[in-house]
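Note that the structure is predicted; figures quoted are calculated from it, not measured. Below, all heavy atoms of this structure are taken into account, side chains as well, without hydrogens, waters or symmetry copies.
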Amino acid sequence: MRSVIISVFIALAVIIYVSVTATVVKTGEENLLTGEVKFSAGESVAGIWDTQALPDLNKKAVDIKQFLTEANGDLKSLADKYGKYSMGTSGELNYTVKGTATVKSVNTEKKAGYMEVAIKDYSGPETIKLQIGSVYKGSAVRDSLDFIRFEDYTNQVDFAAISQSIHNLIQTNVIDKIDLTTIESKEIEFMGCFTVNSNNELLITPVTLTVK
């Protein structure tokens, strides 16, 4: 009987200790207790866009007329000079280009909309398109940035979220500020990135776009 009483006393003491020392944390605020910072792709991209991303891309951007003339129909031939592979020395080949063009047509019927443009003073056979959303294909912008590497992220999901957040920012800061209903036939200046999928078509994701 004495051992039972002692056991009950010990159990009550443990319960009282736990109730006094336990910390109640609201759902979604666990990081306040653990010290871990919850990853936010949107905040990460917003924090580096103007100070790191745009300066990095502007530094490496090659005039598209010059680029296409040098490539002479073989876009991969300029990989060592202007390109950046998504996985360092392998993966998808990406380029950053800039130039002046005239808008030939605008396609907003598809979710992955685009405008087809004619590069000023260039008459090559390539079809040049600039993505205008709201869905963006590929991850050329993310993969063109020198300071963003897959190994710096916890998993593939977080890495993919960076690319999506870049596209969201481009939609808000670049595309949504342009009147796509009146841009046809107008001259534009742009800078953007594309992944080499074909020598005959460039699908560029613009990071800057100005109507002249």
Review point. Any side-chain heavy atom of Asn200 within less than 4.5 Å of one from Pro125?
Key: no
Practice item. Go through the steps to decide whether Ile188 and Leu209 satisfy the test side-chain contact (heavy atoms from CB on, under 4.5 Å), and finish with yes or no. Key: CA-CA 7 Å; Ile188 62 170; Leu209 180 58; 3.5 Å; yes
**Study point:** Charged tip of Arg149 within 45° of Phe159 ring normal and under 6.0 Å
**Key:** no
Review point. Looking only at heavy atoms, what is the nearest atom pair of Ser165 and Ala41, with distance?
Key: OG-CB, 3.3 Å
**Study point:** Student check: side-chain heavy atoms of Gln164 and Val45 closer than 4.5 Å
**Key:** no
Point to revise | Close side-chain approach of Pro206 to Ile175, heavy-atom, < 4.5 Å | key: yes
Enumerate donor-acceptor pairs with a distance under 3.5 Å from any side-chain N or O in residues 98-110 to protein atoms, sequence neighbours excluded.
from   : atom 1 : to     : atom 2 : distance (Å)
Lys104 : NZ     : Glu116 : OE2    : 3.3
Asn107 : OD1    : Glu109 : N      : 3.1
Asn107 : ND2    : Tyr114 : OH     : 3.4

Check your understanding: Same cluster for Val135 and Ile166 if Ile/Leu/Val/Met/Phe/Trp/Tyr side chains link at under 4.5 Å?
Key -> no
Review point. Less than 4.5 Å apart, any side-chain heavy atom of Glu92 and any of Tyr85?
Key: no
Review point. CG of Leu93 to CG of Leu75: how many Å apart, nearest 0.5 Å?
Key: 8.5 Å
Review point. How long is the gap from NZ on Lys60 to CE on Met191, to the nearest 0.5 Å?
Key: 10.5 Å
Point to revise | Side chains of Tyr122 and Asp63 in contact at under 4.5 Å (non-hydrogen atoms) | key: no
Review point. Under 6.0 Å from the CD atom of Glu43, do we count more than 12 heavy atoms belonging to anything else shown?
Key: no
Point to revise | Over all atoms of both residues, closest heavy-atom pair of Ile148 and Arg142 | key: CG2-CG, 3.9 Å
Review point. Side chains of Thr195 and Asn94: is there a donor and an acceptor less than 3.5 Å apart?
Key: yes
Point to revise | Gap separating the CD1 atom of Ile162 from the NE2 atom of His167, nearest 0.5 angstrom | key: 11.5 Å
**Study point:** Steps toward side-chain contact (heavy atoms from CB on, under 4.5 Å) verdict (Asp152, Phe147)
**Key:** CA-CA 10 Å; Asp152 292 333; Phe147 58 90; over 6 Å; no
Practice item. Give the minimum heavy-atom separation between Lys76 and Asn199, together with the two atoms involved. Key: N-OD1, 4.5 Å
Point to revise | Residue pairs, two or more places apart or on separate chains, that pass salt bridge (Lys or Arg N to Asp or Glu O under 4.0 Å) and touch residues 198-212 | key: Lys129-Glu201, Glu187-Lys212, Glu189-Lys212
Check your understanding: Heavy-atom distance under 4.5 Å between the side chains of Thr127 and Leu202, does that happen here?
Key -> no
Point to revise | Minimum heavy-atom distance Leu78-Ala71, with the two atoms named | key: CD1-N, 3.7 Å
Study note, to complete from the structure: Interatomic distance, CG@Asp56 vs CG@Asp146, rounded to 0.5 Å, equals 4.5 Å
Check your understanding: Which atom names give the shortest non-hydrogen contact between Lys137 and Gln131, and what distance separates them?
Key -> N-OE1, 2.8 Å
Review point. Between Met87 and Tyr153, is there a shared hydrophobic cluster once you connect ILVMFWY residues whose side-chain heavy atoms come closer than 4.5 Å?
Key: no
Review point. Does Ser40 offer a backbone N or O that forms a donor-acceptor pair with the side chain of Ser44 under 3.5 Å?
Key: no
Check your understanding: Are Ile128 and Leu68 close enough that some pair of their side-chain heavy atoms sits under 4.5 Å apart?
Key -> yes
Practice item. Tell me yes or no: between the side chains of Asp176 and Thr172, is some donor less than 3.5 Å from an acceptor? Key: no
Check your understanding: With a 4.5 Å heavy-atom cut-off, do Val211 and Asp179 have their side chains touching?
Key -> no
Point to revise | Evaluation steps, side-chain contact (heavy atoms from CB on, under 4.5 Å), between Cys193 and Ile204 | key: CA-CA 5 Å; Cys193 309; Ile204 301 170; 5.9 Å; no
**Study point:** Nearest heavy-atom neighbours spanning Met115 and Ile183
**Key:** CE-CD1, 3.9 Å
Review point. Has the side chain of Asp143 got a donor or acceptor atom that lies under 3.5 Å from a matching backbone atom of Lys84?
Key: no
Review point. Are more than 12 heavy atoms from other residues, nucleotides or ligands located less than 6.0 Å from atom CG of Asn155?
Key: yes
Check your understanding: Phe194 and side-chain contact (heavy atoms from CB on, under 4.5 Å): which partner among Thr205, Val97, Leu203?
Key -> Val97
Check your understanding: What about the rings of Tyr95 and Tyr82, do their centers lie closer together than 6.0 Å?
Key -> no
